[in-house]
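First the structure, in the form of structure tokens, and then the observations on it.
We use all heavy atoms of the structure for the numbers below, so side chains are in, but hydrogens, waters and symmetry mates are not.
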Amino acid sequence: MLQHSESTQGHCPLIGDVPQHMYYSLDASSRSTSPAATQSLWLKATVCTIAALAGCLAYAHTAPAHSHNWAQSQATHTAPRSPAAMRLPLRSSTLSSPSQGPRAVAHAATTKSLPDAPARRTALAGAHNTALPQSGPALLWLAGALLAAAGALVHYARPHPTGSFATLAAADCGPIAMYTATGTPVQSQTQRIMEEMTSRQQQATGAGGATTYEALQRADKIWKGIREMPTGDAAGPAPQFVREVSQPLGVVPGYDVVVCGGTLGILAATALQKKGLKVAVIEQGLLRGREQEWNVSRSEMNELVELGLLSTEQIEEAIVVEFNPMRCGFGSGPDVNVRDVLNLGVAPNKLLAMLRARFEELGGTVLERTGLQGVEVCTDGVRLPISGENGSEVTARLVVDCMGFGSPIVRQVRWGKKPDGVCMVVGTMASGFPAESNTSGDLIYTCSPMFEDSSGTLQGQYFWEAFPASSGPTDRTTYMFTYLDASPHRQSLEEMFEDYWKLMPGYQNVRLEDLEVQRCLFGFFPTFKDSPLAPSFDRVLQIGDASGIQSPLSFGGFGAMIRHLGRISDGVSGALAAEALDAKALQGLNPYMPNLSGAWLFQKAMSVSLGENPDRNFINELMTTNFKVMEGLGEPVLKPFLQDVVQFGPLFRTLAGMILGDPLFGVAVLLQVGPLAVLEWTRHFIALGMYDLLHKVARAPLESSAELPWLSARQRFLLQCKVKEWEYGSGNDYVLPSTSPSEP
């Protein structure tokens with residue numbers, strides 16, 4: 001169900017884990033809801049204090065000494081605190097109550113030096129019972145005392161936000177820094193583990209890599225930018241990475257196709273080169289795979305053999321580990337075990353090396369260490385300015401964008417639009433797991449209810465995936481992931497990692513100190529409802545993660561890339577042959593797919609919007625019911641769903657089984673996801689049924705019509721795209737394997 005791509009690279013300590021004598025710093029802006037409100041409150045407190053001091057000075061000549069001393073004491077308590085005074089000790093005894101957030105503790109510490117409430121009331125009562133002098137200064141003293149009391153109320157009784165360290169870091173408040181008593185910054189457990197891992201690896205191999213703590217911080221900075229990004233008109237003009245000019249290229253294009261992004265792009269490039277096209281791959285770094293395995297099913301790997309890209313022997317060489325069964329389980333519900341679904345570990349470095357060798361053997365060109373500086377679309381081709389050792393530009397008839405979620409072309413197209421959903425994932429590959437039990441995997445699993453931050457705000461549900469690694473019998477990869485939106489107050493990857501260290505040992509029944517972390521893995525995968533992304537420019541086509549062709553339930557598109565590889569390579573070849581390279585024609589290669597759009601309801605049901613408060617076991621109960629029904633319906637229903645393929649018949653039978661089995665729970669699901677989301681999904685569900693019917697009834701006549709001699713090449717191309725749209729949009733491209741090779 002969850003497949004990985006090269007883009008997988010990826011809380012501050014929870015309150016209960018703050019050591020004794022720790023400090024955190026708040027700047028002045030963190031004491032109120034906005035800078036303007038802060039200035040207003042400080043101004044009021046300052047004016048009140050000045051007035052109180054003036055009253056005290058005036059009364060000094062007329063009032064009794066004891067009243068004068070009391071007024072001075074009140075004025076002292078009313079004075080604003082300096083920034084230095086805002087560094088407050090957080091003692092473990094103070095934090096023992098789970099209901100107290102750090103800001104509540106900060107407020108308690110701030111007010112600690114004030115007289116207690118009875119003492120203040122006694123003092124005020126004494127002031128009112130004192131015989132008031134009849135002179136003007138005495139009246140001024142009274143006014144000053146009242147203003148001093150008002151100043152104290154303004155300064156101390158104004159709203160003090162409460163929440164967890166996660167809330168403090170994400171909200172529009174001051175920065176949080178953790179310090180020891182000596183002023184040394186405190187490391188999170190994530191930082192300590194990752195830096196120890198990096199140091200150990202550098203000593204052994206001299207390699208750093210993209211799994212360092214610095215890489216995690218960079219990823220978190222990008223994630224924070226997405227959460228806080230302005231949308232719509234507030235985002236301003238989009239960057240012009242792609243420019244369209246109404247003039248010819250001026251030269252014969254050097255290539256038929258230039259594929260930008262080589263990690264998954266080498267798959268498409270090799271398939272296109274095999275069709276006789278002249279293809280180049282532009283890769284900013286080195287074209288090589290990482291060490292962490294990708295998970296696929298054997299049927300998906302066999303696609304590479306059927307397309308003629310690799311041999312069976314090469315496929316077996318790339319498969320470095322195989323395991324069965326794969327477990328699915330949720331909360332206290334029964335486990336569901338399946339075989340031969342995402343149960344292979346493929347070595348990306350081996351697979352990509354084989355594909356590159358095959359690509360270059362067929363005549364393809366790889367341009368490594370080459371930066372893409374822009375895209376200029378002309379009337380008869382595309383000019384791509386580049387940097388590096390391979391010249392200043394390349395030209396092509398068509399550009400294929402395979403640069404993933406972070407593609408600068410996609411950034412321009414989606415400028416000012418937040419993702420509709422995000423899958424966040426953290427994990428490790430570690431040594432030290434019991435070898436005797438490290439022989440099977442978890443496909444999707446939960447062992448806890450929904451999680452909250454320390455302020456009690458419900459965040460979502462943590463899911464797990466785990467499987468043996470090829471590097472040793474005690475090595476195991478474990479992922480923790482969750483589905484959420486891109487609201488500003490969502491947690492960071494580092495905060496999620498802090499939860500991971502606490503929860504993973506219980507999930508895997510190990511002790512963290514017995515494990516040696518070899519790699520830390522992390523990432524976030526934005527998804528959009530308008531996927532696949534329709535081309536916005538002539539002669540530019542998105543594929544893979546850049547197009548959003550993967551399911552919103554999946555993190556990474558390696559499996560989806562292989563699944564659509566034949567369709568994409570046939571379509572691109574047909575578009576070039578028909579000169580159907582305008583944006584409207586290329587939309588036939590990234591069409592509306594109701595099975596992909598319909599999967600959004602599943603992500604909605606597996607996530608929680610901020611402010612919602614369902615039963616903490618709702619998602620576990622939903623998934624348990626769903627999988628129980630699918631298991632009863634058999635492999636033709638269960639296996640496609642686990643491989644991110646939604647089909648009308650299996651989906652209809654599953655929903656019917658869930659509703660008939662527990663009608664009241666069906667109502668609970670409707671209430672949780674919301675009627676609007678269900679109505680939107682119903683439209684896609686009806687379209688899914690129509691696509692299924694059209695594929696079964698109209699496919700053959702339409703394919704025959706495409707061969708009619710009076711049709712133009714463009715018309716034939718568009719008819720062929722429509723046939724594929726019905727097939728893939730209904731999930732009928734998936735064929736259940738007739739035999740399971742790993743079963744006895």
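Heavy atoms of other residues, nucleotides or ligands lying less than 6.0 angstrom from NZ of K274 number 12 at most. For M229, the CE atom is densely surrounded, since the number of other residues' heavy atoms within 6.0 Å is greater than 12.
Checked by atom type and distance alone, the side chain of T395 pairs as donor or acceptor with a backbone atom of G254 at under 3.5 Å. Of the possible donor and acceptor atoms, none in the side chain of S554 sits under 3.5 Å from a partner among the backbone N and O of P552. Judged by distance alone, with hydrogens and angles left aside, the side-chain atoms of Q273 form a donor-acceptor pair with the main-chain N or O of L362 at under 3.5 Å. Side chain of Q550 to backbone of A560: no donor-acceptor contact under 3.5 angstrom is found. A distance-only check finds a donor-acceptor pair linking the side chain of S705 to the backbone of P701 [under 3.5 Å]. For the pair E293 (side chain) and P348 (backbone), a donor-acceptor distance under 3.5 Å is absent. A donor-acceptor contact shorter than 3.5 Å is absent between the side chain of T231 and the backbone of G416. Here the side chain of S569 pairs a donor or acceptor atom with the backbone of G566 at under 3.5 angstrom. At least one donor-acceptor pair closer than 3.5 Å links the side chain of S311 to the backbone N or O of Q314. S551 contributes a side-chain N or O that, together with a main-chain N or O of L553, makes up a donor-acceptor pair within less than 3.5 Å.
With respect to the salt-bridge test (charged N to carboxylate O, under 4.0 angstrom), the residues D256 and R397 qualify. Ion pairing of D220 with K224 is absent here, as no side-chain N (NZ or NE/NH1/NH2) approaches a carboxylate O to less than 4.0 Å. Between K724 and D733 there is no salt bridge, since no side-chain N of the basic residue sits under 4.0 Å from a carboxylate O of the acidic one. Of the charged side-chain nitrogens involved, none lies within less than 4.0 Å of a carboxylate oxygen, so that R356 and E361 do not count as a salt-bridged pair. A salt bridge links E291 and R519; the closest N-O separation between the charged side-chain nitrogens and carboxylate oxygens is under 4.0 Å. No salt bridge links R369 with E283; every basic N to acidic carboxylate O contact stays at or beyond 4.0 Å. In this structure, K417 pairs ionically with D530, as a charged nitrogen and a carboxylate oxygen lie closer than 4.0 Å. Of the charged side-chain nitrogens involved, at least one lies within less than 4.0 Å of a carboxylate oxygen, so that R699 and E703 count as a salt-bridged pair. Between R714 and D582 a salt bridge is recorded (basic side-chain N to carboxylate O distance below 4.0 Å).
Taking CE of M496 as the start and CZ of R490 as the end, the distance is 11.5 Å to the nearest 0.5 Å. In this structure, SG on C378 lies 11.0 Å from CG on D538, to the nearest 0.5 angstrom. Atoms CE and CG, on M606 and L601 in that order, are 11.5 Å from each other to the nearest 0.5 Å. Interatomic distance, H695 NE2 to M690 CE, rounded to the nearest 0.5 Å: 14.5 Å. A distance of 8.0 Å separates OG1 of T379 from CG of L249, quoted to the nearest 0.5 Å. Rounded to the nearest 0.5 angstrom, Q491 CD and L493 CG are separated by 8.5 Å.
When all heavy atoms of R290 and Q292 are compared, the closest pair comes out as NE-O, 3.3 Å. The heavy-atom pair separating L398 from V572 by the smallest distance is CD2-CG1, 3.7 Å. Closest of all the heavy-atom pairs between N595 and G731 is ND2-N, 3.4 Å. Considering all non-hydrogen atoms of both residues, L610 and S487 come closest at CD1-CB, 3.7 Å.
Between E376 and V245, the closest side-chain pair of non-hydrogen atoms falls below 4.5 Å. The shortest distance between side-chain heavy atoms of Q643 and S299 falls below 4.5 Å. Within the 4.5 Å cutoff, the side chain of T270 has no heavy atoms near those of the L272 side chain.
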List the steps, then state whether side chain to side chain donor-acceptor pair (under 3.5 Å) holds for N590 with S547.
CA-CA 8 Å; N590 279 343; S547 71; 4.6 Å; no

Start with the C-alpha distance between K529 and E680, add both sets of side-chain angles, then the distance that settles salt bridge (charged side-chain N to carboxylate O under 4.0 Å, His left out), and finish with yes or no.
CA-CA 11 Å; K529 290 184 177 180; E680 181 183 9; 3.5 Å; yes

From CA spacing to verdict: side-chain contact (heavy atoms from CB on, under 4.5 Å), M561, I543:
CA-CA 8 Å; M561 184 70 176; I543 66 171; 3.5 Å; yes

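A donor and an acceptor atom, one from each side chain of Y691 and E725, are located under 3.5 Å apart. Judged by distance alone, the side chains of Y734 and Q647 never bring a donor and an acceptor atom under 3.5 Å apart. A side-chain N or O of H684 and one of Y592 form a donor-acceptor pair less than 3.5 Å apart. Side-chain atoms of D401 and S407 include a donor-acceptor pair closer than 3.5 Å.
Under the side chain to side chain contact (heavy atoms under 4.5 Å, CB included) test applied with M403, the options L264, V410, D545, I409 reduce to a single match, I409.
You'll find the ring centres of F685 and F648 inside the 6.0 Å limit. Ring pair F405/F524: centre-to-centre distance not below 6.0 Å.
With a 6.0 Å cutoff to the six-membered ring centre and a 45° limit on the axis angle, R414 counts as a cation-pi contact of F528.
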